[in-house]
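Right, one structure below, let's go through it.
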There are 2 protein chains.
Amino acid sequence: MSTTPTVYDVAERSGVSIATVSRVYRNPDSVRAETRERVLTAARELGYVPSGNARGLASRSTGILGLCFPDYSDPDAEAGEADDEDAAMLYSDQIIRGMERAARRHGYALLIAASLKGGPESLVAKVAGRVDGFAVLARTVPTEELEIISRRQPVVMLAGPREGTDHLDHIEVANFDGQSELTRHLIEDHGLRRLAYIGSAEESPDVEARFRGYLAACRAGGLEVADEPDLRVRMMTQAEGAHALDALFARHGAWPEALVFANDQMAVGALHALAERGLRVPDDVVVTGFDGIPLSRLVRPALTTVRQPMLRMGEEAVELLVKRLSGARDADPVSLVLPVSVARRGSCGCRDGEGVEPGVR
Amino acid sequence: MSTTPTVYDVAERSGVSIATVSRVYRNPDSVRAETRERVLTAARELGYVPSGNARGLASRSTGILGLCFPDYSDPDAEAGEADDEDAAMLYSDQIIRGMERAARRHGYALLIAASLKGGPESLVAKVAGRVDGFAVLARTVPTEELEIISRRQPVVMLAGPREGTDHLDHIEVANFDGQSELTRHLIEDHGLRRLAYIGSAEESPDVEARFRGYLAACRAGGLEVADEPDLRVRMMTQAEGAHALDALFARHGAWPEALVFANDQMAVGALHALAERGLRVPDDVVVTGFDGIPLSRLVRPALTTVRQPMLRMGEEAVELLVKRLSGARDADPVSLVLPVSVARRGSCGCRDGEGVEPGVR
DNA sequence: ACCTAGAATGAATGCGCTTACAAGCGCATG
DNA sequence: CATGCGCTTGTAAGCGCATTCATTCTAGGT
């Protein structure tokens with residue numbers, strides 16, 4: 001419709017200069033009460049809304065924190081429009097929640113952007129140019145690029161350990177410990193000997209660390225294992241998890257006693273596929289995941305997995321960013337390691353339910 | 001560290017004018033390939049990242065869609081830091097998911113901001129000034145204010161019917177139909193006669209519509225009911241739901257056969273509280289909710305409720321915004337009504353589980 | 001009444017980019 | 001050889017606000 005009103009319009013209408021209008025919003029106390037009211041009234045009448053862009057440009061800050069993540073979504077799920085009801089949260093959703101919560105506390109808004117087919121450049125550039133600082137999930141964008149950006153604004157990398165000399169802040173979880181503890185549980189407590197690990201070690205440093213944890217536990221338990229996963233995958237999605245079964249079977253011609261997946265999504269996909277084949281979990285084969293997404297508790301049997309404090313990761317990311325933004329700009333890079341915990345549930349043969357559900361059981 | 005590079009720096013380094021640098025990013029084809037490479041190289045060497053603010057200011061668009069919502073979070077939940085594992089999605093989380101998904105498809109990023117104690121003005125102003133268009137959950141901000149803003153940018157209101165003459169786009173769900181169908185189910189299929197409705201009709205138009213649906217079904221079933229809810233609440237949180245039990249009991253001195261809550265959060269809170277009192281659901285009392293948040297299926301017994309297509313609401317919101325942004329700016333206001341479905345689960349006495357869970361049961 | 005320290009306001013500038021508009025260029029046309 | 005056209009690139013004028021500095025106003029102080 002009509003052109004959107006600006007400070008100039010408000011200034012004219014209230015008979016002051018644009019500087020005063022600006023002050024009314026930025027620093028109300030520096031303007032005489034009477035003048036202030038006059039300005040606010042004019043603004044209201046005009047329907048004035050300050051331009052965030054102009055403000056940001058002039059003041060060099062936006063009051064926004066960002067989050068970039070890769071496209072985790074399951075292609076299948078995308079296809080089926082009816083999955084509304086089944087909408088379980090993914091990894092990234094939890095982090096969004098955590099960041100949003102913490103950002104709100106600090107008066108920041110949150111800008112979230114997931115990469116699509118479009119080159120990663122465009123993604124980060126888009127976000128980086130619009131926020132005061134941001135977090136990135138591993139593998140969303142090359143580290144070098146982040147290095148460059150982090151020279152001018154805080155960047156924290158989620159779920160990756162520091163690689164050699166990078167100057168980024170990192171937040172990761174105890175991948176090694178978690179996976180090795182879970183594996184130990186399978187071996188010692190359930191007496192399983194023939195395990196198979198499914199996941200790609202190159203996928204991310206996290207998955208790499210998990211696999212090393214698995215290896216360590218296997219060896220500690222006296223099992224002989226190869227130096228690399230029994231199966232590598234590309235995507236770590238449900239579809240891939242289901243597909244993994246075929247691949248495994250084709251290769252070995254028999255089922256191992258336990259399928260140790262590098263994340264929950266794949267494990268859930270496998271659960272599906274096993275049910276279709278008429279195989280019982282955990283009786284015929286044990287399945288475990290990693291992450292502790294809510295869906296892991298919804299499936300039957302509930303998935304034994306390693307819970308990451310995903311919400312907290314998001315919160316810590318924001319805390320870190322805020323800290324950098326308020327002073328500690330070039331303090332040494334931080335590398336946080338958050339603890340994980342093994343959730344022993346039905347899919348490994350432990351009793352189901354953990355007492356956290358409300359209501360009578 | 002050093003001052004962040006700008007177009008000027010890139011232009012100088014690559015021996016072109018700033019206009020050309022700009023073109024390289026905005027309209028690559030209009031620049032000779034050789035020149036383009038030169039510019040991109042210089043940009044890379046300098047670590048140049050275009051300023052979203054400046055771009056937005058100059059081009060009057062941001063490539064960002066926004067979402068504003070009120071503070072839905074449960075105070076209790078906030079307090080207990082250990083609820084990570086229990087992190088169930090709330091209403092707003094689902095909408096975020098939907099919007100993010102759709103926004104990504106259209107090449108937009110999503111800015112999310114929840115109101116805090118800070119006046120609502122600041123909230124909407126902050127968002128409105130930074131996005132091309134945005135969605136608002138009901139009751140986040142007064143409608144008049146939105147009216148004003150919607151004169152210059154698309155605004156869609158989620159979960160509220162159009163009020164008289166407002167010019168906003170609306171997306172709502174079939175609140176009336178859903179609640180009345182659920183109520184009918186309790187009366188006809190389960191033979192219940194003494195029901196109680198808990199929820200505030202002023203809370204929002206949605207809740208108002210739900211209550212009317214409840215009334216209609218009660219009357220159709222030959223029950224006599226008062227013209228207003230048996231209990232009004234302020235917050236619709238879990239705490240409030242638990243508290244509602246006391247209030248109800250204090251007032252009537254006895255339990256009704258069924259507690260019909262206006263949303264899931266309260267119903268879950270009630271489930272907790274009933275368990276603490278040693279009352280069995282559904283044997284001693286039936287409980288129902290509304291929304292169909294994932295948590296509703298996690299509790300024991302699973303909650304009978306009315307499922308809203310929350311994910312889809314978010315998606316539709318984005319579609320509407322995008323449509324407005326690409327042409328149909330002053331088409332007539334749209335008012336979408338999305339269908340709901342009743343989920344009959346354990347808390348009303350129907351068998352639990354609905355066949356949607358993967359894996360063997 | 002006169003002077004002065006503050007407080008309140010205005011004028012002017014720049015933030016980094018987009019985008020008409022114009023200018024320069026090589027080349028086919030008449 | 002003058003003309004005109006398409007393709008590239010440069011020039012310059014903002015976009016709407018924050019902020020510095022200068023200016024005016026106000027309230028004490030003497």
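Below, read A as the first sequence line, B as the second, and so on, with proteins coming before strands; counting in each chain starts at 1.
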- Query: When the distance from CZ of A:Arg130 to C1' of C:dG16 is rounded to whole Å, what number comes out?
  - Reply: 12 Å
- Which atom of A:Phe69 lies closest to which atom of B:Arg104, heavy atoms considered: CE1-NH2, 4.3 Å
- Task: Provide, to the nearest angstrom, the distance between the OH atom belonging to B:Tyr25 and the P atom belonging to C:dT19.
- Result: 16 Å
- Note on the structure: A:Glu12 atom CD is separated from C:dG10 atom P, nearest whole Å, by 13 Å
- Task: Apply side-chain contact (heavy atoms from CB on, under 4.5 Å) to the pair A:Val39 and A:Val31, showing each step before the final yes or no.
- Result: CA-CA 10 Å; A:Val39 170; A:Val31 176; 5.9 Å; no
- Checking side-chain contact (heavy atoms from CB on, under 4.5 Å) for the pair B:Leu110/B:Ile64: CA distance, chi angles, key distance, verdict? CA-CA 6 Å; B:Leu110 185 65; B:Ile64 299 182; over 6 Å; no
- Message: What's A:Thr20 touching, base or sugar-phosphate or nothing? Going by heavy atoms closer than 4.0 Å.
- Response: sugar-phosphate
- Query: Starting at CG of A:Leu57 and ending at C1' of D:dC17, how long is that distance when rounded to a whole Å?
  - Reply: 8 Å
- Can you tell me if the side-chain N/O atoms of B:Ser30 get under 4.0 Å from OP1 or OP2 in D:dC7? no
- When rounded to whole Å, the CG to P distance for the pair A:Asn27 and C:dT9 reads 12 Å
- Item | Pairwise 5' ranking along DNA chain D for A:Gly56 and B:Arg60, keeping only the more 5' one | B:Arg60
- Message: Applying a 4.0 Å non-hydrogen cut-off, can you work out what A:Val16 is touching in the nucleic acid: base, sugar-phosphate, or nothing?
- Response: sugar-phosphate
- Task: Specify the separation, in whole Å, of atom CD1 of A:Ile18 and atom P of D:dT20.
- Result: 14 Å
- Query: Which part of the nucleic acid, if any, lies within reach of A:Ser22 when heavy atoms closer than 4.0 Å are counted: base, sugar-phosphate only, or nothing?
  - Reply: base
- If you check the A:Ser17 side chain, which of C:dG10, D:dG16, C:dC17 turns out closest? C:dG10
- Which part of the nucleic acid, if any, lies within contact of B:Tyr48, taking any heavy atom under 4.0 Å across all strands shown: a base, the sugar-phosphate backbone alone, or nothing? sugar-phosphate
- Message: As an exercise, state the distance from NE2 of B:His106 to CG of B:Leu325, rounded to the nearest 0.5 Å.
- Response: 10.5 Å
- Distance in angstrom units between A:Glu34 CD and C:dA8 P, rounded: 12 Å
- Report the distance from atom CG of A:Asp29 to atom C1' of C:dT9, rounded to the nearest whole Å. 16 Å
- Among C:dA11, D:dT9, C:dC17, which is the nearest nucleotide to the side chain of B:Arg23? D:dT9
- Among C:dA20, D:dC17, C:dA11, the nucleotide that comes nearest once only the side chain of A:Ala19 is considered: C:dA11
- Would you confirm whether the ring centroid of A:Tyr8 sits within less than 6.0 angstrom of the ring centroid of A:Tyr48? no
- Message: Within the 4.0 Å heavy-atom criterion, would you say A:Val31 contacts the bases, only the backbone, or no part of the nucleic acid?
- Response: sugar-phosphate
- Message: Does B:His170 form a side-chain contact (heavy atoms from CB on, under 4.5 Å) with B:Val334? I'd like the steps, not just the answer.
- Response: CA-CA 6 Å; B:His170 283 268; B:Val334 174; over 6 Å; no
- Message: So A:Tyr8, base contact, sugar-phosphate only, or nothing? Heavy-atom distance under 4.0 Å.
- Response: base
- Task: Would you mind telling me which residue lines up with the more 5' stretch of DNA chain D, B:Gly15 or A:Val7, judged by nearest nucleotide?
- Result: B:Gly15
- Item | B:Thr35 vs D:dT9: side-chain N/O to OP1/OP2 distance below 4.0 Å | yes
